[in-house]
Participant: 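Quick one: structure below, then a few questions.
Computed from a predicted model, the values in this text were never measured in an experiment. Below, each value reflects all heavy atoms present in this structure, side chains not excepted, and no hydrogens, waters or symmetry copies.
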Amino acid sequence: MSAPDPDEIYDRAKDEGARRLSMPPLEQASTGFIAGVTIVFGIVALSMAEELIAPSFGPGPGKLAGALAFGTGVVFLVIGRSELFTENFFDPVAAAIDQQGASVWFRLGRLWLLVLVLNLVGGTVMAAIFTVEGALPAGAHEVLVTVAEEIAAKSGWATFARAIAAGTLLTLLSYLLHAADSATARIVLAYLVGVFLALGPFDHVVVSGLHLLFGIWLGAAVTVGDLGQNFGLAVAGNLVGGLLLMTLTHTVQVKSSPSSD
């Protein structure tokens, strides 16, 4: 089967975006909460896999094993139809552009706010469970501390650049999922992006924020100020990457096509 053309992908995105914008606030909030809970399983899988592999094979293979494990968390998100903050860039914005009007932009802002806040609330609840002594192997807690300290040690510009890359990558996933016509293809796409997100130089506002929260609770050299700075820079960078580098360019691609309505 041939892949759908950009116009068809964009139409699918608009339909999905319209569905998300029309959801009642409580449904949007619960969807965001579930996503926050779900992504913590990816973070925990990363820590356990790295803890098992790194002592015997070294930090490089350990990091790779952790990234391979983290990919399952993104698969859980996609197949479970829950949504991280950045997953609401391409689809709802495409729908908002099509519908226009002040009310649709209000609903878009409400969607972003509710999902982001509840992503963090759900993730915080699940992180609190896994920081209980004995809930995870001690080595997994040590990995979480190391990851948090590495994130906090990045300069502001580096964090912003990494956040732009993360916003672009996750919005690209949203686009590509509409080109996939089977559950298997969606799983593979979600897994590959999840591995890349964990392995590469990316700062996702929710994922990095939860990593830092784990670090604070587990005694890492990470402060609430580090968490606040990362949050602000990651939100800004995710928006720039997701909206300007991905959503806007695909919108221009479709709207400038002779076949577009």
Side-chain angles (χ1 to χ4, degrees), residues 35-36 39-40 42-43 46-47 50 59-60 62-64 66-71 73-74 77 83-93 109 112-113 115-117 119-120 123 143-177 189-216 220-253:
I39 200 61
V40 171
I43 293 173
L46 179 153
S47 69
E50 188 168 338
K63 184 175 178 61
L64 176 59
L68 292 172
F70 178 82
V74 180
L77 285 173
E83 297 152 13
L84 288 179
F85 171 60
T86 46
E87 292 179 88
N88 281 308
F89 289 171
F90 188 78
D91 297 358
V93 170
W112 284 353
L113 180 62
V115 170
L116 176 57
V117 170
N119 280 170
L120 295 171
V143 170
L144 290 170
V145 166
T146 300
V147 172
E149 290 177 344
E150 289 175 351
I151 293 172
K154 296 290 187 298
S155 70
W157 281 113
T159 299
F160 184 60
R162 289 159 57 94
I164 292 174
T168 305
L169 177 66
L170 268 297
T171 307
L172 174 61
L173 173 61
S174 297
Y175 180 84
L176 292 176
L177 287 173
L189 280 171
Y191 181 72
L192 291 176
V193 168
V195 172
F196 194 22
L197 181 66
L199 192 61
F202 303 106
D203 263 306
H204 185 279
V205 59
V206 176
V207 178
S208 293
L210 291 174
H211 270 301
L212 291 171
L213 187 61
F214 265 117
I216 291 171
V222 176
T223 67
V224 174
D226 294 325
L227 176 59
Q229 175 176 288
N230 184 274
F231 176 83
L233 292 171
V235 167
N238 289 171
L239 287 167
V240 169
L243 296 180
L244 298 184
L245 297 186
M246 193 56 58
T247 302
L248 178 61
T249 51
H250 279 300
T251 300
V252 172
Q253 177 192 34

Participant: Quick one: does Asn119's side chain have a donor or acceptor within less than 3.5 Å of a partner on Ala35's backbone?
Facilitator: no
Participant: Got a second to check how far Thr168's OG1 is from Met246's CE, nearest 0.5 Å?
Facilitator: 5.5 Å
Participant: Using atom types as modelled, flag every donor-acceptor pair under 3.5 Å from a side chain in residues 196-204 to any protein atom, sequence neighbours excluded.
Facilitator:
| from | atom 1 | to | atom 2 | distance (Å) |
| --- | --- | --- | --- | --- |
| Asp203 | OD1 | Ser208 | OG | 2.5 |
| Asp203 | OD2 | Arg162 | NE | 2.8 |
| His204 | ND1 | Val206 | N | 3.1 |
| His204 | ND1 | Val207 | N | 3.4 |
| His204 | NE2 | Thr86 | OG1 | 2.7 |

Participant: Mind running side chain to side chain contact (heavy atoms under 4.5 Å, CB included) on Leu176 and Val193 for me, showing each step along the way?
Facilitator: CA-CA 11 Å; Leu176 292 176; Val193 168; 5.7 Å; no
Participant: Could you list the residues that satisfy side chain to side chain donor-acceptor pair (under 3.5 Å) with Gln253, not counting sequence neighbours?
Facilitator: His250
Participant: Might you work through the side chain to side chain contact (heavy atoms under 4.5 Å, CB included) test for Thr223 and Ile216, ending with a clear yes or no?
Facilitator: CA-CA 6 Å; Thr223 67; Ile216 291 171; over 6 Å; no
Participant: Is it the case that the side chain of Trp112 and the backbone of Asn88 share a donor-acceptor pair, with hydrogens and angles ignored and the cut-off at 3.5 Å?
Facilitator: yes
Participant: Determine whether Val74 and Leu173 make a side-chain contact, defined as any pair of heavy atoms from C-beta on separated by less than 4.5 Å.
Facilitator: yes
Participant: Which heavy-atom pair separates Ala148 from His211 by the least distance, and what is that distance?
Facilitator: CB-O, 3.4 Å
Participant: Can you name the nearest heavy-atom pair linking Ala220 to Val145, along with the distance?
Facilitator: CB-CG1, 3.6 Å
Participant: Begin from the C-alpha positions of Val40 and Phe214 and carry the test side chain to side chain contact (heavy atoms under 4.5 Å, CB included) through to its verdict.
Facilitator: CA-CA 10 Å; Val40 171; Phe214 265 117; 4.1 Å; yes
Participant: Atom CG of Leu227 and atom CG of Leu212: how far apart are they, to the nearest 0.5 Å?
Facilitator: 5.5 Å
Participant: Could you tell me which non-hydrogen atom of Asn238 sits nearest to which non-hydrogen atom of Ala166, and how far apart they are?
Facilitator: ND2-CB, 3.9 Å
Participant: I want to check something: taking the side chain as every heavy atom from C-beta on, are Leu84 and Val115 in contact at a cut-off of under 4.5 Å?
Facilitator: no
Participant: Taking side-chain contact (heavy atoms from CB on, under 4.5 Å) as the definition, give me every residue that meets it alongside Leu248, ordered by chain and number, with sequence neighbours left out.
Facilitator: Leu244, Val252
Participant: Judged by atom type as modelled, is there a donor-acceptor pair below 3.5 Å linking the side chain of Tyr175 to the main-chain atoms of Leu170?
Facilitator: no
Participant: Give every residue pair that meets the salt bridge (charged side-chain N to carboxylate O under 4.0 Å, His left out) criterion with at least one member in residues 221-239, sequence neighbours excluded.
Facilitator: none
Participant: My understanding is that only residues two or more places apart in sequence, or in another chain, count here; which of them pass side-chain contact (heavy atoms from CB on, under 4.5 Å) with Ala158?
Facilitator: Lys154, Ser155
Participant: Applying side-chain contact (heavy atoms from CB on, under 4.5 Å), can you list everything that pairs with Leu192, at least two apart in sequence or on another chain?
Facilitator: Val188
Participant: With sequence neighbours excluded, tell me which residues meet side-chain contact (heavy atoms from CB on, under 4.5 Å) with Thr247.
Facilitator: Phe89, Phe90, Val93, Thr171, Leu243, Thr251
Participant: Give me the atom names and distance for the closest heavy-atom approach of Val205 to Leu120.
Facilitator: O-CD2, 4.5 Å
Participant: Looking at residues at least two apart in the chain, or sitting in another chain, which of them share a salt bridge (charged side-chain N to carboxylate O under 4.0 Å, His left out) with Glu83?
Facilitator: Arg19, Arg20
Participant: Working to the nearest 0.5 Å, report the span between CG of Leu210 and CD1 of Ile151.
Facilitator: 10.0 Å
